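Not measured: the values here are computed from a predicted model. Below, chains carry the letters A, B, ... as their sequence lines are ordered, and counting in each starts from 1.
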Amino acid sequence: MSQPQNAISPRRDEDFPEWYQQVVKAADLAENSDVRGCMVIKPWGYGIWEAMQRGLDGLFKATGHKNAYFPLFIPLSYMAKEAEHVEGFAKECAVVTHHRLKSDGKGGLMPDPESQLTEPLIVRPTSETIIGATYAKWVQSYRDLPILINQWANVVRWEMRPRVFLRTAEFLWQEGHTAHETSAEAIGETEQMLGVYAKFAREWLALPVFTGEKSAGERFPGAVNTLCIEAMVQDRKAIQAGTSHFLGQNFAKASGIQFVSRENKQEHAWTTSWGVSTRLIGTVIMAHGDDDGVILPPRVAPSQIVIVPVAPKPDTRDAVFAACEALAAKLRAQSYGGEAIRVELDKRDLGGGQKSWEWIKRGVPVRVEIGPRDLEKGTLAVARRDRGHKEKSFPTSEEFIAGIAATLQEIHDALLARATALRDAHTVKLETKEDFIAFFTPKNKDKAEIHGGFALAHWDESAETEAEIKEALKVTIRCIPFDSPVEDGQCVWSGRPSRRRVLFAKSY
RNA sequence: CGGGGUGUAGCUUAGCUUGGUAGAGCGCCUGGUUUGGGACCAGGAGGUCGUAGGUUCAAAUCCUAUCGCCCCGACCA
């Protein structure tokens, strides 16, 4: 009874990073494991990932891609084939050096020195090299191209500062790897897949994103060009939600992907790679969550509707449960977003308030309560997660079922509108260095506070300026937006001439 | 890898300065009353105090070593 007003403490405006961790815990999404930097994804969190996988996989298939699977281990020498790639990943690779254990004589185990591998294996941080080596064997002729393959996999990057879903040593993702006959075709593929990601962000995750290309300094190691989608979360920082790389012929040359062209000449293929990860779950939490926990966009909610029976007395319990089962069955026969509606019936013997709060914290889009009084009146008590937790409507069962798909779409639209409003309110055009510095400097130095946002400002295209800004303000160029028009201006930092605005922000 | 901090029950922690049988809250289990917005009462289980050594009649407490974790840096497609 002496509970605070909000389910999550601290609130977002008090301490956003701590709020995030508390939400992950309260929503039962994931927890830190005994393995450093590695998380356990719990059923509710994994359910979100499964829904994301279904959505993305459908979009990949619709654009002509097929799934395959490549090895977790990569021979050390493969990594060395592409110089920039080595530079980018060498410092965070897990390395396998032995294949057998033996007793250490003290009750423990140790790698058997006799079993040392002649060539160490690294655990994949990304699979360009192993897939490139494989494609080299598959491709002989221009007739073997394009290769359009995706894999769902886990990867390992030994990060120094892990954070659940946002940056973990091991994470789940998909990586698409394609090989093409021409540069233009590969560039088209890179752009197409970025478009798929932007569509997915908007239509599944209710996230508006900026699309654009990375500056040279922020590019994927080994890429000719890196395209990205950037989302704003509620502390106004940017998060890279997906990337699509045009790799030119760099990896084809490193891996020997060669083919005989239509002109009967030996040529190297043009390759791309593109990926999104479980980081998307963290992005959704931070973009849509409130001080009561997660708010899930309906299309990625493991359960879209939860029915909570209110059955205090044994004599009405059977009737209430029967009504709940009947409603659940009818709802499951409905569909939303091309899938059967997902309904959970919470029959646990717990207080109604406790159950309701659990589902609020987990972010279920729609909650339905059915009790003896509803049976008498033929109505339901319905609450939406995008509205206040006390706000309920009381439709009849028929009305509710008939309108459920529209209701879920309304919730999606409301989340998208809210996220768009937040992003637009904190995306500003800046002209002067003073304004730029002020925008990215918290008012109160002693206490962390939410500040800044996205700044569209002119940049002189020099790596020096980019580095200076990063050093001074921890602000980076998130992308050069596709829709940024060519216009004359002066670099917000150096004052030198500039041709277009780029997107600056602090990032995760 | 540098600087600082910290390890006591599933979780949060008190006790450590000044050595003397390990305490609480939450959670969990049982029974009862409850359940329409985070319940209450009664009872119960659960700890070789991170690990190894040392000092001492006696160590959670003092000393040494070691391991883990957290924060700040560095690093981070």
Side-chain angles (χ1 to χ4, degrees), chain A residues 1-9 17-18 21-22 25-26 31-37 82 84-93 106 108 125-128 155 157-163 166-169 171 173 175 214-223 225-228 240-245 247 273-277 279 292-293 308-314 316-317 320 346-361 367-377 379-383 388-392 394 448 470-471 474 476 478-479 507-508:
Chain A
M1 284 302 155
S2 60
Q3 289 289 327
Q5 297 257 303
N6 306 304
I8 305 299
S9 176
E18 182 62 23
Q21 289 187 274
Q22 292 303 325
K25 195 171 168 187
E31 62 189 33
N32 286 315
S33 70
D34 291 343
V35 185
R36 196 208 81 103
E82 214 292 333
E84 284 186 33
H85 199 63
V86 179
E87 188 75 16
F89 289 109
K91 282 173 283 187
E92 50 189 46
C93 282
K106 292 178 282 188
T126 180
S127 304
E128 275 75 7
V155 288
R157 299 179 185 180
W158 214 263
E159 302 285 0
M160 300 310 282
R161 270 295 165 81
R163 208 164 161 210
L166 299 176
R167 193 183 302 118
T168 47
F171 57 89
W173 77 346
E175 47 181 327
K214 287 289 186 192
S215 63
E218 297 281 327
R219 244 175 236 151
F220 176 78
N225 197 6
T226 289
L227 310 184
C228 63
Q240 181 175 301
T243 50
S244 183
H245 314 291
L247 303 173
S273 67
W274 28 274
V276 299
S277 72
R279 171 180 262 203
D292 289 327
V308 178
V310 180
K313 298 286 184 289
T316 54
R317 185 163 296 155
V320 169
D346 186 354
K347 292 168 81 169
R348 292 175 301 164
D349 184 23
L350 292 171
Q354 189 177 345
K355 284 199 274 195
S356 287
W357 276 108
E358 267 187 36
W359 294 112
I360 290 170
K361 288 185 280 193
R367 304 188 303 285
V368 180
E369 288 174 13
I370 301 182
R373 299 209 297 267
D374 302 301
L375 292 192
E376 288 167 22
K377 288 188 282 185
T379 58
L380 311 168
V382 176
H389 58 74
K390 284 180 182 153
E391 189 178 329
K392 289 183 189 174
F394 302 92
K470 186 175 182 178
E471 169 71 22
K474 293 191 173 174
T476 51
R478 302 318 306 157
C479 71
S507 78
Y508 278 95

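Spacing between B:G23 and B:A60 at atom P, rounded to whole Å, works out to 13 Å. Remark: the separation of the C1' atoms in B:C69 and B:G31 is 41 Å, to the nearest Å. The P atoms of B:U48 and B:U8 are separated by 13 Å, rounded to the nearest whole Å. When the C1' atom is compared between B:U12 and B:U6, the two are found 15 Å apart, to the nearest whole Å. Rounded to whole Å, the P atom of B:C11 lies 26 Å from the corresponding atom of B:G20. The separation of B:A58 from B:G54, taken at their C1' atoms, amounts to 15 Å, rounded to a whole angstrom. Straight-line distance between the P atoms of B:U61 and B:U51: roughly 11 Å, to the nearest whole Å. Comparing the P positions of B:G68 and B:C75 gives a spacing of 23 Å, expressed to the nearest Å.
Residues passing the side chain to side chain contact (heavy atoms under 4.5 Å, CB included) test with A:Glu84 are A:Glu82, sequence neighbours excluded. Among residues two or more places apart in sequence or in another chain, the salt bridge (Lys or Arg N to Asp or Glu O under 4.0 Å) test is passed with A:Lys347 by A:Glu325. Qualifying salt bridge (Lys or Arg N to Asp or Glu O under 4.0 Å) partners for A:Arg348, counting only residues two or more places apart in sequence or in other chains: A:Asp346, A:Glu358. The ring-ring contact (aromatic ring centres under 6.0 Å, His included) search around A:Trp158 returns none, not counting sequence neighbours. Applying the side chain to side chain contact (heavy atoms under 4.5 Å, CB included) criterion to A:Arg163, with sequence neighbours excluded, gives A:Pro17, A:Tyr20, A:Leu166, A:Tyr508. For A:Glu376, the salt bridge (Lys or Arg N to Asp or Glu O under 4.0 Å) criterion is met by no residue, not counting sequence neighbours. Annotation: salt bridge (Lys or Arg N to Asp or Glu O under 4.0 Å) contacts of A:Lys214 (sequence neighbours excluded): A:Glu230. By the ring-ring contact (aromatic ring centres under 6.0 Å, His included) test, A:Phe89 pairs with A:His85, A:Phe220, sequence neighbours left out. Contacts of A:Thr316 classified as side-chain hydrogen bond (donor to acceptor under 3.5 Å, both in side chains), with partners at least two apart in sequence or in another chain: none.
In this structure, A:Arg348 reaches neither bases nor backbone, as no heavy-atom distance under 4.0 Å exists between it and the strands shown. Residue contacts for A:Glu358: at a heavy-atom cut-off of 4.0 Å it reaches no nucleic acid atom on any strand shown. Looking at heavy-atom distances under 4.0 Å, A:His245 makes no contact with the nucleic acid at all. Using a 4.0 Å heavy-atom cutoff across all strands shown, A:Lys377 reaches no nucleic acid atom at all. If you check every strand for non-hydrogen atoms under 4.0 Å, A:Ala381 touches a base.
One can place NZ of A:Lys91 at 7 Å from C1' of B:C75, the figure rounded to the nearest angstrom. Rounded to an integer number of Å, the gap from A:Asp346 CG to B:G37 C1' is 14 Å. Rounded to whole angstrom, the span from the CZ atom of A:Arg478 across to the P atom of B:C76 amounts to 13 Å. Whole-Å rounding puts the A:His389 NE2 to B:G38 C1' distance at 10 Å. In this entry the distance linking CG of A:Asn32 with C1' of B:C11 reads 14 Å, nearest Å. Across the protein-nucleic acid pair, A:Lys355 atom NZ and B:A39 atom P stand 12 Å apart, rounded to whole Å. Atom CZ in A:Arg367 sits roughly 12 Å away from atom P in B:G37 (whole-Å rounding). Atoms CD (A:Gln21) and P (B:C71) sit 7 Å apart, rounded to a whole Å.
Proximity of a side-chain donor or acceptor of A:Arg317 to a complementary backbone N or O of A:Ala311 within less than 3.5 Å is detected. Side chain of A:Glu128 to backbone of A:Ser273: no donor-acceptor contact under 3.5 angstrom is found.
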Listed pairs, N/O of protein and of nucleotides 2-8 of chain B, under 3.5 Å:
none

Could you write out each protein N or O paired with an N or O of nucleotides 27-35 of chain B at a distance under 3.5 Å?
{"residue": "B:U35", "atom": "O2", "partner": "A:Leu350", "partner atom": "O", "Å": "3.2"}

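The phosphate of B:G73 (OP1 or OP2) has a side-chain N or O of A:Lys474 nearer than 4.0 angstrom.
Donor-acceptor pairing under 3.5 Å, judged by distance alone, is present between the side chain of A:Lys392 and the base of B:G37.
Here the side chain of A:Ala7 is nearest to one of B:C76, B:G36, B:G38, namely B:G38. Taking the side chain of A:Ala383 as heavy atoms from C-beta on, and the options B:G38, B:G37, B:C76, the nearest nucleotide is B:G37.
With RNA chain B read from its 5' end, the first of the two nearest nucleotides for A:Glu218 and A:Pro372 is the one closest to A:Pro372. Each of A:Lys470 and A:Ser356 lies near RNA chain B, and the nucleotide nearest A:Ser356 is the one positioned closer to the 5' end.
No side-chain heavy atom of A:Thr168 sits under 4.5 Å from any side-chain heavy atom of A:Glu159.
For RNA chain B, runs of at least 3 consecutive pairs of the Watson-Crick or G-U wobble type, with both hydrogen-bonding distances under 3.5 angstrom, map to B:1-7 with B:67-73, B:10-13 with B:23-26, B:28-33 with B:39-44, B:50-54 with B:62-66.
The two residues A:Val308 and A:Trp359 make their nearest non-hydrogen contact at CG2-CD1, 4.3 Å. Contact between A:Pro309 and A:Val320 at its shortest, heavy atoms only, is CB-CG1, 3.8 Å.
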